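For reference, the structure is listed below as structure tokens.
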Amino acid sequence: MSGVGDLGSRVAGIRDRIAAAAARAGREPSAVRLMAVTKTFPPSIVEEALAAGLTLFGENRVAEASAKYTGLTDTCELHLVGHLQRNKAAAAAALFACVQSIDKPETAEALARHCAAIGRRMDVLVEYNTSGEASKSGVTDRDTLLACLDAVQGLASLRLRGLMTVGPVGGDTLEVRRSFRLLCRLFEEVRADRKPEAFDTLSMGMSGDFEAAVEEGSTLVRLGTALFGARA
Ligand SMILES: *Cc1c(COP(=O)(O)O)cnc(C)c1O
């Protein structure tokens with residue numbers, strides 16, 4: 001694996017690309033957070049990433065995140081970006097600053113119960129499947145989206161921070177943009193209609209499409225391979 005120097009220059013290059021994409025859309029670069037997605041990479045990558053100045057991390061499985069980040073969650077901000085099974089809600093409540101992948105009212109309720117039991121409030125995003133690909137998790141229709149928003153907003157131990165999506169895999173530029181525009185439009189609608197207290201996070205954009213996502217309004221890009229190289 002690469003040394004910290006290599007990672008440091010890759011981080012700088014990515015920050016430049018985010019800033020350029022933001023500028024093209026008339027946005028401030030500081031409006032976009034950079035998340036390092038460390039799934040499948042060894043725990044040592046987290047140390048390297050911290051040394052390179054990264055502070056926001058994502059994992060997509062609770063057990064892997066727990067093995068890698070226990071003891072580190074005071075040093076960094078860790079989000080779950082993969083699907084949450086209800087039987088992992090207790091572990092998730094104890095570990096993550098934010099769960100980005102709420103797509104069922106029942107999952108929100110389970111997570112809320114465990115957060116309340118340990119006396120904390122957790123940030124959550126509702127995941128929307130903007131590409132319609134069956135392999136993806138996330139809400140696929142408006143009614144379920146509204147049911148998830150109602151559930152989260154009715155649960156005192158959760159705080160609705162925004163929406164998340166995974167763009168179409170290998171999609172052409174038009175499909176990718178259509179997907180991001182759809183999420184951005186839903187985000188603006190929810191903000192206008194419901195006025196959640198701290199609704200500020202539009203999580204979209206991965207290694208292959210983060211510049212398009214920033215141009216379409218993303219406030220949080222989730223990068224794995226662009227930072228750390230190909231996953232095994
Ligand atoms: C793996 C993953 C990422 C990062 O993917 P890259 O293409 O390696 O940047 C981002 N978001 C989610 C939900 C993921 O599962």
Side-chain angles (χ1 to χ4, degrees), residues 1-2 6-7 10-11 13-18 21 32-43 45-46 48-49 52 54-69 76-85 88 92 95-104 107 123-140 148 161-173 175-176 179-180 182-183 187 201-232:
M1 206 60 234
S2 58
D6 293 344
L7 182 57
R10 240 169 297 145
V11 170
I14 285 166
R15 289 203 193 282
D16 285 347
R17 289 168 63 188
I18 291 171
V32 185
R33 303 185 73 198
L34 170 57
M35 166 182 282
V37 179
T38 53
K39 68 179 186 215
T40 78
F41 290 105
I45 208 91
V46 181
E48 282 188 47
L54 295 166
T55 56
L56 176 61
F57 293 85
E59 278 281 337
N60 71 341
R61 288 167 185 273
V62 177
E64 184 180 345
S66 175
K68 218 179 279 183
Y69 284 89
C76 66
E77 182 180 334
L78 179 64
H79 293 197
L80 182 68
V81 298
H83 186 69
L84 177 62
Q85 291 170 293
K88 301 279 167 55
L95 186 63
F96 297 102
C98 174
V99 168
Q100 295 203 356
S101 50
I102 297 296
D103 62 2
K104 286 187 195 69
T107 312
D123 288 342
V124 298
L125 308 183
V126 174
E127 180 177 0
Y128 198 88
N129 178 347
T130 52
S131 70
E133 290 165 307
S135 59
K136 296 259 176 71
S137 51
V139 168
T140 51
C148 286
R161 293 297 298 268
L163 303 180
M164 185 270 250
T165 199
V166 174
V169 170
D172 64 29
T173 319
E175 281 176 299
V176 168
S179 171
F180 293 155
L182 169 59
L183 195 72
F187 179 78
T201 306
L202 186 53
S203 173
M204 56 188 198
M206 299 167 42
S207 292
D209 56 18
F210 70 93
E211 287 155 303
V214 169
E215 289 180 21
E216 299 298 341
S218 171
T219 70
L220 190 161
V221 295
R222 309 178 308 266
L223 306 187
T225 52
L227 288 169
F228 306 122
R231 282 182 291 272

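Atoms within each ligand, like the ligands themselves, are counted from 1 in listed order. Because the structure is a prediction, the values reported are computed rather than measured. The first residue in the sequence is number 1, and the count goes up from there. The figures here come from the full heavy-atom set of this structure, side chains too, leaving out hydrogens, waters and symmetry mates.
- Side-chain atoms of Leu125 and His79, non-hydrogen and from C-beta on, never get closer than 4.5 Å to each other.
- Taking Glu133 as the reference, Lys136 meet the salt bridge (charged side-chain N to carboxylate O under 4.0 Å, His left out) condition, with sequence neighbours excluded.
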One pair per line, please: each N/O atom of ligand 1 matched with every protein N/O atom under 3.5 Å away, atom names first, then the distance to 0.1 Å.
from     : atom 1 : to     : atom 2 : distance (Å)
ligand 1 : 8 (O)  : Thr225 : N      : 2.8
ligand 1 : 8 (O)  : Thr225 : OG1    : 3.2
ligand 1 : 8 (O)  : Arg231 : NH1    : 2.8
ligand 1 : 8 (O)  : Arg231 : NH2    : 3.1
ligand 1 : 9 (O)  : Ser207 : N      : 3.0
ligand 1 : 9 (O)  : Ser207 : OG     : 2.5
ligand 1 : 9 (O)  : Gly224 : N      : 2.8
ligand 1 : 11 (N) : Arg222 : NE     : 2.9
ligand 1 : 15 (O) : Lys39  : NZ     : 2.7

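- Contact record, Phe210 with Val221: CB-CG1, 3.9 Å, taken as the closest heavy-atom pair.
- Not a single salt bridge (charged side-chain N to carboxylate O under 4.0 Å, His left out) links Arg15 to another residue, sequence neighbours left out.
- Under the rule for a salt bridge (charged side-chain N to carboxylate O under 4.0 Å, His left out), the partners of Glu211 that lie at least two apart in sequence or sit in another chain are Arg17.
- In this structure the side chain of Lys104 reaches within 4.5 angstrom of the side chain of His83, judged on heavy atoms.
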